[in-house]
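Everything below concerns the one structure shown next.
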Amino acid sequence: MNDFNDVRQRFYIHEQPVRGEVVQLEQTLNTILKQRDYPQAIQILLGEMLVATSLLASTMKIDGRISLQIQSSGDLRWAMAECNQDGDLRALAEFNPSEQFNHATDSSTALKSLQGGVLFINIEPTFGERYQGIIPLEHDTLAKCLMQYYDLSAQIPTHIVLATNTQRAGGLLLQLLPRTAEEQQHIDEDLWPRLRMLADTLKAHELTDLDSNEILYRLYHEEELRLPEAEALQFGCTCSRERCENALLQIGEQAVHDTLMEQNPIEMDCQFCNQRYSFTAEQALALFGQRVH
């Protein structure tokens, strides 16, 4: 096994309408999974969701954030992963304890627990309109569900491979880009099927244990790859005291008064990073222009 940092490595093929990415996570994954006591199947699902979100965020090329969110009425109640333009990642899941979650090798175990489950793809640019895509979870792996989204909604030929264990996660994304009629005459017609076939030869342990350069060399050393500088990925939470203050303002002065009767100071915990924010009566009421005597 090679040591690697949490990275996203883009790649292109010289003069061909194909782009791709390899994402690998270790420290970020472990930081997130240690926040809560997740069974193995949920750990693996969150690992795949984190990698997938990192891959999709790079293709969107926006300032803002993208998130994947699963909702269902089954034992897996919901799960989400989020990535912003700086490569900050976070994830969380809620589930009912179930014996089926204790053993898993890929996301299929968690997805089988869904009842009427759907996958939301949320794109939230810093400026501009938000977008939400909705995908019924009709396939047995997260990768297949995401490829269905690209086939039906984005209509960009896309191939995704995901792998996770409870320590490391990795993923590969390939996309065939739109091209003009003139460009079509100069491309290698066998390239896309060849790239997909080679991607499917990847074993799960290779995606998680080998570094990105080794993966790309093993798969595509006969292609003219172009590799920009790798991008760092890391755990990052968007919680802040200011956001907590805004939440108190939104629930209103009377609700804050009522809460202080039962809980003083008011304690607000971030479920993503376990950061705790505390507001005394004086601090909470000062948000509404009041002073405590």
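Just so it is clear, the model here is predicted, and its values are computed rather than measured.
Atom-to-atom distance recorded for Asn213:CG and Leu227:CG is 6.0 Å, nearest 0.5 angstrom. Between the CG atom of Leu50 and the CG atom of Leu68 there is a distance of 9.0 Å, given to the nearest 0.5 Å. Atom CG in Leu111 sits 7.5 Å away from atom OG in Ser113 (nearest 0.5 Å). With rounding to the nearest 0.5 Å, the separation of CZ in Arg19 from CD1 in Ile13 is 13.0 Å. Between the CD atom of Glu206 and the CZ atom of Arg218 there is a distance of 5.0 Å, given to the nearest 0.5 Å. We find the CG-NE2 distance between Leu119 and His139 to be 11.5 Å, quoted to the nearest 0.5 Å.
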field: Test salt bridge (charged side-chain N to carboxylate O under 4.0 Å, His left out) applied to Arg226 and Glu15, step by step
entry: CA-CA 10 Å; Arg226 299 290 186 266; Glu15 295 185 347; over 6 Å; no
- prompt: Does the pair Leu76 and Glu94 meet the rule for a side-chain contact (heavy atoms from CB on, under 4.5 Å), with working shown?
  reply: CA-CA 7 Å; Leu76 173 60; Glu94 289 287 348; over 6 Å; no
- request: Go through the steps for Arg77 and Ser72 under the test side-chain hydrogen bond (donor to acceptor under 3.5 Å, both in side chains), then give the verdict.
  value: CA-CA 5 Å; Arg77 293 162 58 191; Ser72 88; over 6 Å; no
message: For Glu231 and Val7: C-alpha separation, side-chain torsions, deciding distance, then whether side-chain contact (heavy atoms from CB on, under 4.5 Å) applies.
response: CA-CA 6 Å; Glu231 302 168 348; Val7 296; over 6 Å; no
message: Evaluate Trp192 against Leu174 for side-chain contact (heavy atoms from CB on, under 4.5 Å), listing each step before the verdict.
response: CA-CA 9 Å; Trp192 181 245; Leu174 297 167; 3.8 Å; yes
field: Derivation of the side-chain contact (heavy atoms from CB on, under 4.5 Å) call for Tyr38 and Leu46
entry: CA-CA 10 Å; Tyr38 293 116; Leu46 286 177; 3.7 Å; yes
message: For Arg196 and Asp200: C-alpha separation, side-chain torsions, deciding distance, then whether salt bridge (charged side-chain N to carboxylate O under 4.0 Å, His left out) applies.
response: CA-CA 6 Å; Arg196 292 179 57 190; Asp200 285 336; 5.8 Å; no
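Using modelled atom types and a 3.5 Å distance limit, the side chains of Gln132 and Asn122 yield a donor-acceptor pair. Judged purely by distance below 3.5 Å, without hydrogens or angles, the side chains of Glu26 and Asn30 never pair a donor atom with an acceptor atom. Asp151 and Gln148 share no donor-acceptor pair across their side chains, judged by distance under 3.5 Å alone. Between the side chains of Thr28 and Gln234, no donor-acceptor pair of N or O atoms lies under 3.5 Å. A donor-acceptor contact closer than 3.5 angstrom links the side chains of Ser98 and Gln100.
The environment of Glu267 atom CD is dense: over 12 non-hydrogen atoms of other residues, nucleotides or ligands sit within 6.0 angstrom. With a 6.0 Å radius and a threshold of 12 heavy atoms from other residues, nucleotides or ligands, Tyr131 has its OH atom above the threshold. Annotation: Asn96, atom CG; neighbour count of heavy atoms from other residues, nucleotides and ligands within 6.0 Å is above 12. Counting non-hydrogen atoms of other residues, nucleotides and ligands closer than 6.0 Å to CD of Glu222 gives a total of 12 or fewer.
Nearest heavy-atom pair across Leu45 and Ala110 is CD2-CB, 3.8 Å. Contact detail for Phe235 and Leu89: the closest heavy-atom pair is CD1-O, 3.2 Å. Of all the heavy atoms in Met268 and Cys244, the pair that sits closest is SD-CB, 3.7 Å. When all heavy atoms of Ser278 and Gln283 are compared, the closest pair comes out as O-OE1, 3.6 Å. Between Ser107 and Leu142, the closest heavy-atom pair is OG-N, 3.1 Å. Minimum interatomic distance between Cys145 and Leu137 (heavy atoms only, all atoms of both residues): SG-CD2, 3.5 Å.
Of the possible polar contacts, one joining the Gln9 side chain to the Pro228 backbone as a donor-acceptor pair under 3.5 Å is found. In this structure, the side chain of Asp190 does not engage the main chain of Pro193 through any donor-acceptor pair within 3.5 Å. Side chain of Thr201 to backbone of Ala199: no donor-acceptor contact under 3.5 angstrom is found. Distance alone, capped at 3.5 Å, places no donor-acceptor pair between the Glu82 side chain and the Arg90 backbone.
The shortest distance between side-chain heavy atoms of Gln175 and Pro157 does not fall below 4.5 Å. Looking at heavy atoms from C-beta onward, Ile123 lies out of side-chain contact with Leu56 at the 4.5 angstrom threshold. Side chains of Leu172 and Glu21 form no contact here, defined as non-hydrogen atoms less than 4.5 Å apart. For the pair His159/Leu195, no side-chain contact is recorded, criterion being any heavy-atom separation below 4.5 Å from C-beta on. Within the 4.5 Å cutoff, the side chain of Ile160 has heavy atoms near those of the Leu162 side chain. Between Tyr149 and Met147 the shortest side-chain heavy-atom distance does not fall below 4.5 Å. In this structure, Thr259 and Val256 have side chains that are not in contact, with every pair of non-hydrogen atoms separated by 4.5 Å or more. Considering only heavy atoms from C-beta on, Ile70 stays 4.5 Å or farther from Val118 through its side chain.
For the side-chain hydrogen bond (donor to acceptor under 3.5 Å, both in side chains) with Asp209, the lone residue among Arg168, Gln167, Gln24 that qualifies is Arg168.
Between Phe101 and Phe95, the ring planes are perpendicular. Angles over 60° get that label, and only those under 30° would be called parallel.
If you chain together hydrophobic residues whose side chains sit under 4.5 Å apart, Leu55 and Ile44 never meet in one group. Residues Ile121 and Trp78 share a single hydrophobic cluster, defined by chaining ILVMFWY side chains whose heavy atoms lie under 4.5 Å apart. Placement of Leu114 and Ile134 in two distinct hydrophobic clusters is found when ILVMFWY residues are connected by side-chain heavy-atom separations under 4.5 Å, directly or transitively. Under the 4.5 Å side-chain heavy-atom criterion for grouping Ile, Leu, Val, Met, Phe, Trp and Tyr, Leu249 is connected to Leu260 within one hydrophobic cluster. Criterion: ILVMFWY side-chain heavy atoms under 4.5 Å apart, direct or through other members. Under it, Leu225 and Tyr12 are not part of a common hydrophobic cluster.
A salt bridge between Arg194 and Glu223 is present, with a side-chain N of the basic residue lying under 4.0 Å from a carboxylate O of the acidic one. Note on Lys112 versus Asp140: no salt bridge recorded, every NZ/NE/NH1/NH2 to OD/OE distance being 4.0 Å or above. A salt bridge is absent between Arg10 and Glu229: the closest approach of a Lys/Arg side-chain nitrogen to an acidic carboxylate oxygen does not fall below 4.0 angstrom.
Every residue was checked against the ring-ring contact (aromatic ring centres under 6.0 Å, His included) condition with Phe120, not counting sequence neighbours, and none meets it.
The cationic atom of Arg241 (NZ for Lys, CZ for Arg) lies less than 6.0 Å from the six-membered ring centre of Phe279 and within 45° of the ring axis.
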